[in-house]
Amino acid sequence: SFSALVRVDLWARNAAISCTARLYDVTTAAVAGTSSAITSQTATSTTFTATIVGGRVYRLDILASAAGEGVYGVGTLESV
C-alpha cells in the first residue's frame with residue numbers, strides 16, 4: 001500500500017449547491033478519502049489524501065449536496 005494525494009478541480013452549476021470528491025474503494029465498498037465541500041461555479045482546486053492498496057479497484061466520485069444537481073470535476077492521483 002502507499003499514501004496518495006488526490007487533486008481535484010470541482011465546480012457546481014448552481015451556486016447554492018456544494019460538491020465534494022471522494023475516492024471510493026470498489027473492492028471493499030468503502031470510502032478511501034473525501035475532499036472538503038466546494039461551493040463555486042468556477043473550477044476550484046482541492047486536495048485530500050488516501051491510502052491505496054495494490055490489487056484493489058478505486059473510483060473517483062463527484063457528489064452534489066442535493067440530488068439531481070449538476071456538479072463537475074476532474075482529478076489526478078499522485079503517490080506521496
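Values below: every heavy atom of this structure, side chains too, minus hydrogens, waters and symmetry copies. The residues of the chain are indexed from 1 along the displayed sequence.
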Test side chain to side chain contact (heavy atoms under 4.5 Å, CB included) applied to Arg22 and Leu63, Val8, Leu60, Val6, the passing residue: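 With Arg22 as partner, side chain to side chain contact (heavy atoms under 4.5 Å, CB included) holds for just one option, Leu63.
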Of all heavy-atom pairs between [X] and [Y], which one has the smallest distance, and what is that distance?
X	Y	answer
Ala12	Cys19	N-SG, 4.3 Å
Ile62	Ala21	CD1-CB, 4.0 Å
Ala37	Thr20	CA-CG2, 3.5 Å
Tyr24	Ala29	OH-CA, 3.2 Å
Ala4	Ile52	CB-CG1, 3.7 Å

Any Leu10 side-chain heavy atom under 4.5 Å of Ser35 side chain: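 The answer is yes, as the side chains (C-beta and beyond) meet within the 4.5 Å cut-off.
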Minimum side-chain heavy-atom gap Val31-Leu23 below 4.5 Å: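 A side-chain contact under 4.5 Å is absent here.
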Residue pairs, two or more places apart or on separate chains, that pass salt bridge (charged side-chain N to carboxylate O under 4.0 Å, His left out) and touch residues 62-80: Arg7-Glu78
Residue pairs fulfilling salt bridge (charged side-chain N to carboxylate O under 4.0 Å, His left out) with at least one residue in residues 44-59, sequence neighbours excluded: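 Qualifying pairs, neighbours excluded: Asp25-Arg56, Arg59-Asp61.
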With Thr39 via side-chain hydrogen bond (donor to acceptor under 3.5 Å, both in side chains) - residues at least two apart: none
Residues in side-chain hydrogen bond (donor to acceptor under 3.5 Å, both in side chains) contact with Thr42, at least two apart in sequence or another chain: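 For Thr42, the residues satisfying side-chain hydrogen bond (donor to acceptor under 3.5 Å, both in side chains) (neighbours in sequence not counted) are Ser40.
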Pair Thr49-Val80, side-chain contact (heavy atoms from CB on, under 4.5 Å): steps then yes or no: CA-CA 9 Å; Thr49 58; Val80 293; 5.7 Å; no
Expected output: side-chain Tyr58 to main-chain Val53 donor-acceptor under 3.5 Å: yes
From OG1 (Thr76) to CG (Leu5), nearest 0.5 Å: 7.5 Å
Gap between atom CD1 of Ile38 and atom OG of Ser65 - 0.5 Å precision: 12.0 Å
Residues that Arg13 engages under salt bridge (Lys or Arg N to Asp or Glu O under 4.0 Å), provided they are two or more places apart: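 Partners of Arg13 by the salt bridge (Lys or Arg N to Asp or Glu O under 4.0 Å) criterion come out as none, since no residue qualifies.
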Cluster check Leu77, Phe48: I/L/V/M/F/W/Y, side chain < 4.5 angstrom: yes
Val74: partners by side chain to side chain contact (heavy atoms under 4.5 Å, CB included), with sequence neighbours left out: Asp9
